[in-house]
Amino acid sequence: MNIYPAEIEPVLLKHPGVADAAVIGVPNAEWGQEVKAVVQPVSMADAGPALATDIIDFTHRHLARYKCPRSVDFRETLPRLPSGKLYKRHLRDEYAALQEGNTT
């Protein structure tokens, strides 16, 4: 099933604890890929399991469940190109490298 980050990111940005967000697909043994939210919280002091759960619950109220992130990672800033566009390839490459590191 195709899931479009452009449909999920605006929902994440409506959460009061989210300053910026990117959605990417990361490897999943059962499904091939799963939805991951990479979030810049309004305050890094709030970043943690409670905020991640709240963000996921928030998306459940606004999106079909299969479109909701299964996990949330927090970053102080998200990578952006000089134009201001999110540099998602950097994030995808980073998670792919982490996955490769787990299999060796």
Side-chain angles (χ1 to χ4, degrees):
M1 188 158 296
N2 290 330
I3 298 172
Y4 299 98
E7 184 178 357
I8 303 164
E9 290 164 348
V11 173
L12 291 169
L13 293 171
K14 289 179 183 176
H15 187 282
V18 174
D20 200 4
V23 172
I24 59 172
V26 294
N28 175 291
E30 184 178 348
W31 300 102
Q33 283 196 328
E34 68 179 52
V35 178
K36 175 175 283 294
V38 184
V39 169
Q40 177 184 334
V42 171
S43 169
M44 278 304 289
D46 295 334
L51 181 57
T53 298
D54 191 54
I55 289 169
I56 292 170
D57 290 346
F58 182 82
T59 63
H60 286 167
R61 293 191 299 272
H62 298 280
L63 296 167
R65 273 210 192 276
Y66 72 93
K67 295 179 182 182
C68 295
R70 296 181 57 94
S71 60
V72 178
D73 285 353
F74 296 103
R75 303 284 176 93
E76 287 189 30
T77 60
L78 295 179
R80 290 196 173 271
L81 297 169
S83 66
K85 183 178 177 181
L86 276 171
Y87 189 28
K88 289 186 187 180
R89 181 173 182 164
H90 176 78
L91 291 172
R92 284 191 298 269
D93 290 349
E94 182 181 323
Y95 283 95
L98 287 173
Q99 182 66 20
E100 288 173 11
N102 288 338
T103 59
T104 58

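Numbering starts at 1 and runs along the sequence shown.
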So do [Y] and [X] actually touch side chain to side chain, heavy atoms under 4.5 Å?
| X | Y | answer |
| --- | --- | --- |
| Val18 | Pro41 | no |
| Phe74 | Ile55 | yes |
| Glu34 | Val26 | yes |
| Thr59 | Pro69 | yes |
| Lys36 | Arg70 | no |
| Lys67 | Glu7 | yes |
| Val38 | Lys88 | no |

Would you call the rings of His90 and Tyr87 parallel, tilted or perpendicular, taking 30° and 60° as the class edges?
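Rings of His90 and Tyr87: parallel, under 30°.
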Are [X] and [Y] linked, directly or through other ILVMFWY residues, by side chains that come within less than 4.5 angstrom of each other?
| X | Y | result |
| --- | --- | --- |
| Ile3 | Val11 | yes |
| Val42 | Val39 | no |
| Leu86 | Tyr95 | yes |

For Leu12 against Ala37, the heavy-atom pair lying closest together:
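Closest approach of Leu12 to Ala37: CD1-CB, 3.8 Å.
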Nearest heavy atoms of Ala22 and Leu78, plus distance in Å
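So the minimum-distance heavy-atom pair works out to N-CD1, 3.8 Å.
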Distance, nearest 0.5 Å, that separates CD1 of Ile8 from CG of Leu13
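Ile8 CD1 to Leu13 CG: 12.0 Å, rounded to 0.5 Å.
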CE of Met44 to CZ of Arg75: how many Å apart, nearest 0.5 Å?
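So the CE of Met44 and the CZ of Arg75 are separated by 9.5 Å.
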Applying side-chain contact (heavy atoms from CB on, under 4.5 Å) to His60 and Arg65, what does each step give before you reach the verdict?
CA-CA 6 Å; His60 286 167; Arg65 273 210 192 276; 2.6 Å; yes
Should the pair Arg89-Glu94 be classified as a salt bridge under the 4.0 Å nitrogen-to-oxygen rule?
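Here Arg89 does not pair with Glu94 in a salt bridge, since their nearest N and O are not under 4.0 Å apart.
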Charged N to carboxylate O below 4.0 Å: is that the case for Arg80 and Asp20?
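Answer for the salt bridge query: yes.
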Is it the case that more than 12 heavy atoms not belonging to Arg61 sit under 6.0 Å from its CZ atom?
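Result for CZ/Arg61: enclosed.
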Apply side-chain contact (heavy atoms from CB on, under 4.5 Å) to the pair Val23 and Tyr4, showing each step before the final yes or no.
CA-CA 9 Å; Val23 172; Tyr4 299 98; over 6 Å; no
